[in-house]
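Structure record follows, encoded as structure tokens.
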Amino acid sequence: MLDIKFVRANPALVQEALDKRGAKISLDDFLAMDQKRRAILVEVEGLKAERNRVSQEIARLKKAKEDAENLVVEMRAVGDRIKVLDEELAAIEGEMENVLYYIPNIPHASVPVGVSEADNPVVRTWGTPKPMDFTPKPHWDLGESLDILDFQRGAKITGARFTIYKGLGARLERSIINLMLNTHTDRGYREILPPFIVNRQSMMGTGQLPKFAEDMFGISGTEYFLIPTAEVPVTNMYGSEILDGDQLPIHHCAYSACFRAEAGAAGRDTRGLIRQHQFNKVELVKFTKPEDSYAELEKLTADAEHILQLLELPYRVITLCTGDMGFSSAKTYDIEVWLPSFETYREISSCSNFEDFQARRAGIRYRSNPKAKPEFVHTLNGSGLAIGRTVAAVLENYQQADGSVIVPEALRPYMGVDVIRPE
RNA sequence: GGAGAGAUGGCCGAGUAGGUCGAAGGCGGUCGCCUGCUAAGCGAUUACACGGGCUUAAACUCGUGUCGCGGGUUCGAAUCCCGCUCUCUCCGCCA
């Protein structure tokens with residue numbers, strides 16, 4: 001959510017930012033509502049001030065056993081008028097809030113202007129795909145022939161885009177989770193295991209709601225939602241709090257299952273682990289002072305990359321252009337891992353600086369010193385990494401001509417085996 | 001799930017036969033004083049949001065709102081009424 005004072009003071013700048021994003025929102029109506037709101041506020045507050053003053057006068061008169069009936073009658077009328085104005089005010093504030101909640105973040109000045117993923121520049125590339133003297137199989141074929149992934153039965157017990165991991169497949173998923181959590185905690189992130197279900201307010205806080213309700217799994221009969229990412233519970237942990245400046249930066253890592261309805265994505269990546277309604281992810285979340293957030297974004301991205309380096313998986317980093325960025329983000333790097341069967345790089349992590357966009361929605365503030373006024377923190381997060389896609393990348397990049405898969409060095413202590421063969 | 005108790009400022013804790021209470025007192029914090037150092041002591045100060053005025057801005061100042069959340073009664077609500085949420089205790093159930 002943007003600062004209404006900032007919007008008021010810089011309407012042209014905000015409008016330009018919205019246009020660059022391709023957001024079809026006009027601020028004119030909003031600014032007109034803002035003006036009306038303040039006019040009503042001035043009137044109603046004046047009336048309330050009068051009522052407060054006269055009410056004290058009534059108290060004084062009654063104590064002195066004098067007649068106050070005239071004033072009471074007068075204030076009754078004032079009270080009626082206040083009630084009417086308060087209702088008008090609530091209506092207009094509701095409308096404004098509704099607009100404000102649907103306005104995306106303003107892109108950082110360093111974000112390239114563009115309309116689609118085709119305009120995302122590559123920042124750097126790490127590693128080179130291993131040459132293969134055979135045709136690489138897609139991970140779903142490998143998973144099925146090794147009997148470690150079961151898409152058929154996953155669909156039977158739940159539905160499409162739900163997968164069962166078996167044997168060393170389950171072990172691989174768990175090993176990757178542990179490798180990531182151990183690595184990140186060693187590098188200064190405090191581990192969190194959050195609830196996988198959150199309330200509506202948390203979903204508002206990080207920006208999934210109200211705009212993207214159709215992408216979420218809500219729990220019928222309740223106001224609860226399955227989390228689409230650990231970002232939601234972990235970021236909202238400090239909602240409505242004022243932190244001490246010396247607590248910052250806060251670095252958290254968190255494993256969670258993630259649940260996404262992604263109604264609009266049907267038809268893409270229908271096979272394999274790439275696009276599931278339920279997947280596992282280790283998330284990195286940071287709370288920083290505003291002046292540090294962009295340096296922290298670089299470090300966070302590097303921490304996510306570090307996992308791919310440990311696994312020796314080739315990847316590249318791209319900057320999302322203005323037209324391709326997520327709703328809440330001010331700047332996003334995507335990390336894309338090489339998938340041989342796709343003959344391309346696919347997203348495995350998304351690292352974003354939200355600046356104060358989420359902090360304002362969720363009410364996460366800090367004091368730079370004990371006497372300072374509270375300011376909004378900056379929040380950042382990134383996948384560190386998506387587990388299912390990492391499994392896919394490991395299977396595909398480490399496959400051999402005979403259909404077996406070599407276990408990457410870094411995972412062997414967790415896996416207990418060097419090679420995955422049909423059992 | 002059933003029964004009961006509770007929710008006040010950073011923390012503890014007063015305040016309910018409605019009236020000058022944003023809220024006593026204590027602790028903690030900050031600033032100043034004092035003091036070989038430390039400890040102790042003395043004084044002052046110490047919520048947040050929104051809006052008006054002033055201003056480049058801040059500071060300042062005025063006002064409004066906030067005593068879990070939302071609504072109601074009333075000239076006036078921390079105090080009365082209704083709904084909700086959360087916490088605690090006991091019972092039941094349960095991994």
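Proteins get letters first, then strands, A, B, ... in listed order; numbering begins at 1 in each.
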#### Entry: Sugar-phosphate, base or nothing in reach of A/Arg37, heavy atoms under 4.0 Å
sugar-phosphate
### Query
Can you tell me how far C1' in B/rU45 sits from the matching atom in B/rG10, rounded to whole Å?
15 Å
### Message
Suppose you measure atom P in B/rA24 against the same atom in B/rG41; what distance do you get, rounded to whole Å?
### Response
22 Å
### Query
When rounded to the nearest Å, what value does the distance between P atoms of B/rG2 and B/rG9 take?
30 Å
### Message
Please give the distance between the C1' atoms of B/rA7 and B/rG68 as a whole number of Å.
### Response
6 Å
### Task
Could you tell me whether A/Asp86 and A/Lys48 make a salt bridge, using a distance below 4.0 angstrom between a side-chain N and a carboxylate O?
yes
### Task
Between B/rG92 and B/rG1, how far apart are the C1' atoms? Round to whole Å, please.
7 Å
### Query
Taking atom P of B/rU73 as reference, at what distance in whole Å does atom CE of A/Met75 sit?
18 Å
### Task
Quote, to the nearest angstrom, the P distance that separates B/rA77 from B/rU64.
13 Å
### Message
What contact category does A/Val54 fall into here, base, sugar-phosphate, or nothing, at under 4.0 angstrom with non-hydrogen atoms?
### Response
nothing
### Message
I'd like to know whether A/Phe217 forms a ring pair (Phe, Tyr, Trp, His ring centres under 6.0 Å) with A/His277, so could you lay out the CA-CA distance, the side-chain angles of the two residues, the decisive distance to 0.1 Å, and finally the verdict.
### Response
CA-CA 9 Å; A/Phe217 282 111; A/His277 286 315; 5.7 Å; yes
### Task
Remember a base hit wins even if backbone is also touched, and classify A/Arg8 as base, sugar-phosphate or nothing at under 4.0 Å, heavy atoms.
sugar-phosphate
### Task
Considering only atom P, compute the distance from B/rC75 to B/rG63 and round it to an integer number of Å.
25 Å
### Query
Starting at the 5' end of RNA chain B, which residue's closest nucleotide do you reach first, A/Ile4 or A/Ile242?
A/Ile242
### Euclidean distance for P, B/rG6 against B/rC21 (whole angstrom)
26 Å
### Message
Taking the nucleotide of RNA chain B with the nearest heavy atom to each, does A/Leu41 or A/Leu71 sit closer to the 5' end?
### Response
A/Leu41
### Query
Can you find an N or O donor on one side and an acceptor on the other, under 3.5 Å apart, linking the side chain of A/Glu45 with the base of B/rG63?
yes
### Task
For A/Arg53, report the nucleic acid contact type (base, sugar-phosphate, nothing); a contact means any heavy atom under 4.0 Å.
nothing
#### Entry: SB check A/Arg124 A/Glu305 (cutoff 4.0 Å)
yes
### Task
Report which part of the nucleic acid A/Asn52 touches: base, sugar-phosphate, or nothing (heavy-atom distance under 4.0 Å, all strands).
sugar-phosphate
